[in-house]
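Okay, structure first, notes after.
These numbers were taken from a predicted model, which means no experiment stands behind them. When a residue number appears, it is its place in the shown sequence, counting from 1.
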Amino acid sequence: MFCATTTTTQRIAPLYMRRALMMRHKARPRYTAGGMAAAPFDDDASSPSSSSSASSSSQYWTRTGRSRRRKTRGENNRTKTKMSGPGSTSSDVGEHSSNAGSKHVSSFLSWPTRTTSCGALNASFVGEKVSLCGWVDNQRDMGGICFADVRDHSGLVQIVGAAEGVHANQKQIDEILSSLRSECVVKVVGTVRERNNKNKNIKTGEVEVEVESIEVLNAVSKSLPFSISESEKSGSADKSSEEVRLKNRVLDLRRPKMLKNLKRRHEAIKKMRKVLEEEFDFIEIETPVLSRPTPEGARDYLVPARTAEAGSCYALPQSPQLFKQMLMVSGCDRYYQVARCFRDEDLRADRQPEFTQLDVEMSFTDADGIMNVAERVFLEASGMHKKVQQPFRRMTYAEAMEKYGSDKPDLRFGLEMTTLNDVLKDTEFPPFKSTLEEPRSSVKVLVVDDSQAGKKKISNAKLKPKGEIFEDAVNAGSANGIFFCRVAQDGKTLEGAKGLVEGLENRAEQIIERSNATPGSLLLFVAGKTKVVNTALDKVRHKCASLLNLIDPKAHAVLWVTDFPMFEYNEDEERFEACHHPFTAPNTEDYERNPDDLTEARAIAYDLVYNGVEIGGGSLRIYRRDVQEKVFKAIGMSTGEAEDKFGYLLDAFQYGAPPHGGFAIGIDRLVMLLCGAKSIRDVIAFPKTTTGQCLLTRAPGEATTEQLAELNVKRID
């Protein structure tokens with residue numbers, strides 16, 4: 001490793017000491033890096049405060065005539081690297097830089113230490129000698145004086161060569177500084193001094209380090225696919241495709257922005273653990289990753305079991321749901337786990353095949369007690385103690401769906417919708433009339449008051465076919481898109497397309513009154529299956545809010561959505577399925593009213609919503625076998641199937657299971673929102689693509705014929 005340094009020993013060592021040191025070094029291996037003799041490896045050779053004779057002799061030996069002859073011979077055989085001109089800044093994006101700085105890299109490995117991190121330096125360090133290690137963020141040759149920024153996990157700091165004549169080996173130091181290129185790995189020893197031209201944009205901007213010694217630990221031997229530096233004005237990773245970033249994830253994670261996201265994730269998890277353990281006396285317990293396949297929910301990831309009967313498979317857990325319930329039966333009382341979960345489902349920006357959730361379960365408490373714990377965890381992890389007050393706002397599922405068409409409404413803005421089925425039951429407007437003749441169908445209206453929006457007022461072009469609002473409704477499943485009109489200035493009649501206005505003429509005042517519309521307001525109608533209507537109007541609601549700039553990016557809207565239905569009807573399979581999961585307890589009043597038919601019952605379930613994103617949820621659990629069997633029956637599961645799939649849980653309930661409940665918080669989604677990231681892939685170290693692939697490792701990989709044979713699996717071409 002090349003080390004340009006200067007010490008007192010070099011200048012004043014007596015002749016006998018120099019001879020002794022030379023004899024000592026003849027017995028030790030010598031090597032060259034780019035033609036320069038470098039210091040042999042000493043445990044303390046890299047320490048800036050080392051004053052041992054071994055370190056001093058190493059520094060002295062690099063300046064012998066023999067070393068200089070080696071340098072000359074090396075340069076004769078080397079193609080010279082073009083240096084940056086005066087005032088230039090190095091950038092290696094798209095440029096092959098295998099020679100940039102590599103001539104100063106040792107052929108041996110070393111593991112130097114540092115006295116402080118780059119981002120920790122400030123005015124209090126002025127006059128101190130420090131040792132730094134990190135990557136070259138960028139380099140600048142100002143025509144005689146070389147500057148560089150060195151970056152590590154904590155930030156960056158400027159290093160600079162001294163004025164000519166300050167150090168005996170300044171020429172070598174300047175040569176290395178001039179050869180540095182982006183992302184070279186270096187160790188720098190120098191003295192902290194106050195900067196003449198301070199940089200207020202970085203936290204170390206008051207100081208710089210005058211270089212006394214610099215070692216190139218590693219060079220960049222491949223062209224960088226994008227810039228790592230945040231100071232670059234062009235070629236940044238944010239402008240690169242996500243495919244390029246994921247393929248080069250190692251470099252992507254080196255970017256300060258990505259490192260900040262990972263640190264934010266770490267801090268959130270650390271605070272979650274702290275509040276659960278110190279405030280509520282929870283204990284962390286790990287549950288199995290290899291379990292058995294279960295019905296309901298998403299598809300399982302299956303793992304063929306080599307040592308079991310042919311065709312047997314493990315399943316990776318979609319959640320630790322059953323194990324944590326059995327932990328409550330075991331008397332563990334308060335359990336939590338930062339759990340890895342796996343679901344084979346269609347992916348999107350806020351979904352991954354493998355994800356992390358904070359999993360919590362507790363005995364002998366009610367829903368209020370569980371939600372209180374979840375609120376404390378959220379506030380600690382997010383740091384929103386002063387912005388969000390406990391208890392959080394609560395809204396029933398029925399109210400959320402009626403007003404906002406979503407079970408995770410974004411309450412940072414208004415824009416409410418209303419169901420008009422009873423008002424329009426006798427309408428002659430064909431699209432609405434045919435809709436209301438079908439079961440599980442609705443006509444709803446969304447009121448958008450843009451009368452004072454000026455130039456931002458929503459135009460008819462956006463509402464007609466091929467307009468962005470109309471197309472959003474179509475893409476959400478609405479076959480007819482949207483119908484629209486406006487409330488006239490008299491506040492009693494409607495204005496707009498002739499067919500719609502005439503068809504609703506007899507019901508205009510009722511529609512206006514029911515929807516609380518004001519003169520000039522825009523009315524947007526969607527008709528169809530209730531589920532489709534809600535989905536379409538929810539999307540239209542968000543589009544209108546975006547066009548009218550109604551969303552305050554600094555607002556924090558947190559709420560609980562409660563009283564979910566126990567089941568929802570699957571139109572395709574013509575059967576009921578659990579809305580959350582089949583282990584959720586039914587509402588006590590609904591159960592007492594009709595214990596033998598729970599299909600219309602509400603669940604004691606609750607979802608935590610933050611700015612329109614579901615970040616968590618939970619429920620009180622069933623803890624009696626007879627009730628659990630009724631739920632299985634409601635979703636069409638036979639007694640034999642229930643026993644085969646969940647017999648171990650049903651048996652556990654017969655040994656005195658305590659009342660219990662819990663919740664889970666999606667760590668990936670929460671951290672994504674806290675970081676302001678667009679995708680959870682930006683807060684996961686090594687995520688998958690939307691097709692479930694890892695572009696870095698090229699997983700999943702193809703198994704060999706031998707591997708498949710061991711698992712009793714045969715490939716079907």
Side-chain angles (χ1 to χ4, degrees), residues 397-410 413-450 457-487 494-508 510-518 521-548 550 568-569 571 612:
Y397 171 87
E399 181 183 359
M401 297 303 296
E402 170 63 19
K403 291 183 177 180
Y404 305 104
S406 171
D407 58 3
K408 44 183 181 295
D410 189 343
F413 59 96
L415 303 185
E416 296 183 2
M417 57 191 74
T418 306
T419 299
L420 300 174
N421 288 16
D422 57 335
V423 174
L424 300 175
K425 62 181 179 180
D426 297 324
T427 182
E428 293 301 320
F429 184 59
F432 294 174
K433 181 178 181 180
S434 60
T435 293
L436 295 177
E437 291 173 351
E438 297 292 327
R440 300 188 181 90
S441 298
S442 299
V443 177
K444 296 186 74 171
V445 62
L446 173 69
V447 179
V448 181
D449 185 2
D450 62 348
K457 187 175 181 178
I458 296 175
S459 66
N460 289 352
K462 291 184 171 65
L463 301 169
K464 293 179 179 180
K466 297 186 178 181
E468 55 185 306
I469 296 178
F470 185 94
E471 291 302 312
D472 274 356
V474 171
N475 293 335
S478 176
N480 295 317
I482 57 173
F483 302 91
F484 67 95
C485 62
R486 289 187 179 273
V487 179
L494 303 176
E495 299 175 340
K498 182 178 180 182
L500 177 64
V501 171
E502 290 181 353
L504 301 180
E505 184 175 6
N506 295 334
R507 298 286 184 271
Q510 289 178 273
I511 292 172
I512 295 170
E513 181 181 359
R514 175 70 65 85
S515 62
N516 294 315
T518 56
S521 293
L522 176 65
L523 303 184
L524 303 177
F525 299 86
V526 174
K529 292 293 183 182
T530 301
K531 187 174 182 179
V532 172
V533 170
N534 284 328
T535 302
L537 275 182
D538 173 48
K539 195 165 185 178
V540 168
R541 175 177 178 264
H542 281 84
K543 173 66 74 173
C544 292
S546 177
L547 293 173
L548 297 172
L550 299 180
E568 56 187 357
Y569 191 74
E571 299 281 355

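- Considering NZ of Lys539 and CG of Leu537, their distance stands at 12.5 Å, rounded to 0.5 Å.
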Item to complete: Take Leu548 and Phe413 through the test side chain to side chain contact (heavy atoms under 4.5 Å, CB included) and record every step on the way to the result.
Response: CA-CA 11 Å; Leu548 297 172; Phe413 59 96; over 6 Å; no

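- Remark: Arg486 pairs with Asp450 by the side chain to side chain donor-acceptor pair (under 3.5 Å) rule, at least two apart or across chains.
- The closest side-chain heavy-atom distance from Val501 to Glu505 is not below 4.5 Å.
- Considering NZ of Lys444 and CG of Asp538, their distance stands at 9.5 Å, rounded to 0.5 Å.
- Around the NZ atom of Lys457, the shell of radius 6.0 Å holds more than 12 heavy atoms that belong to other residues, nucleotides or ligands.
- For Glu513, the CD atom is loosely surrounded, since the number of other residues' heavy atoms within 6.0 Å does not exceed 12.
- Side-chain N or O atoms of Ser521 include none that pairs as donor or acceptor with a backbone N or O of Val487 at under 3.5 Å.
- Separation of atoms CZ (Phe470) and CG (Asn480) is listed at 7.5 Å; rounding is to 0.5 Å.
- The NZ atom of Lys462 sits 7.0 Å away from atom CD1 of Ile469, with the distance rounded to the nearest 0.5 Å.
- Not one N or O on the side chain of Ser546 forms a donor-acceptor pair closer than 3.5 Å with the backbone of His542.
- Contact annotation: the side chain of Met417 never approaches that of Val533 to less than 4.5 Å [non-hydrogen atoms, C-beta and beyond].
- Summarising the geometry of Ser442 relative to Asn421, their closest heavy-atom pair is CA-OD1, 3.3 Å, with the distance given to 0.1 Å.
- The two atoms that bring Ala527 and Thr435 nearest to each other are CB-OG1, 3.5 Å, heavy atoms only.
- When all heavy atoms of Gln510 and Val423 are compared, the closest pair comes out as CB-CG1, 3.8 Å.
- The shortest side-chain heavy-atom distance between Thr418 and Glu402 falls under the 4.5 Å cut-off.
- In terms of heavy atoms, Val540 sits closest to Ala473 at CG2-CB, 4.0 Å.
- For the pair Leu522/Leu463, a side-chain contact is recorded, criterion being any heavy-atom separation below 4.5 Å from C-beta on.
- For the pair Val447 and Glu416, the minimum side-chain heavy-atom distance is 4.5 Å or more.
- With sequence neighbours excluded, the residues that form a side-chain contact (heavy atoms from CB on, under 4.5 Å) with Val532 are Lys529.
- Interatomic distance, Thr518 OG1 to Asp449 CG, rounded to the nearest 0.5 Å: 4.0 Å.
- Looking at Ser441, its side chain does come within 3.5 Å of a backbone N or O of Pro439 through a donor-acceptor pair.
- The shortest side-chain heavy-atom distance between Val448 and Leu415 falls under the 4.5 Å cut-off.
- Counting heavy atoms from C-beta on, the side chains of Ile458 and Phe484 never come closer than 4.5 Å.
- Here the side chains of Leu524 and Cys544 are in contact, with some heavy-atom distance below 4.5 Å.
- With sequence neighbours left out, Asp472 forms a side chain to side chain donor-acceptor pair (under 3.5 Å) with no residue at all.
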Worksheet item: Would Leu420 and Arg507 count as a side chain to side chain contact (heavy atoms under 4.5 Å, CB included) if you check the C-alpha gap in whole Å, the side-chain angles of each, and the deciding distance to 0.1 Å?
Response: CA-CA 10 Å; Leu420 300 174; Arg507 298 286 184 271; over 6 Å; no

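- The two residues Leu494 and Cys485 make their nearest non-hydrogen contact at CD1-SG, 4.0 Å.
- A salt bridge links Glu428 with Lys433; the closest basic N to acidic carboxylate O contact falls under 4.0 Å.
- Here the closest non-hydrogen pair linking Lys543 and Glu468 is NZ-OE1, 3.5 Å.
- Ring orientation note: the planes of Phe483 and Phe432 are nearly perpendicular, at an angle over 60° on the 30°/60° scale.
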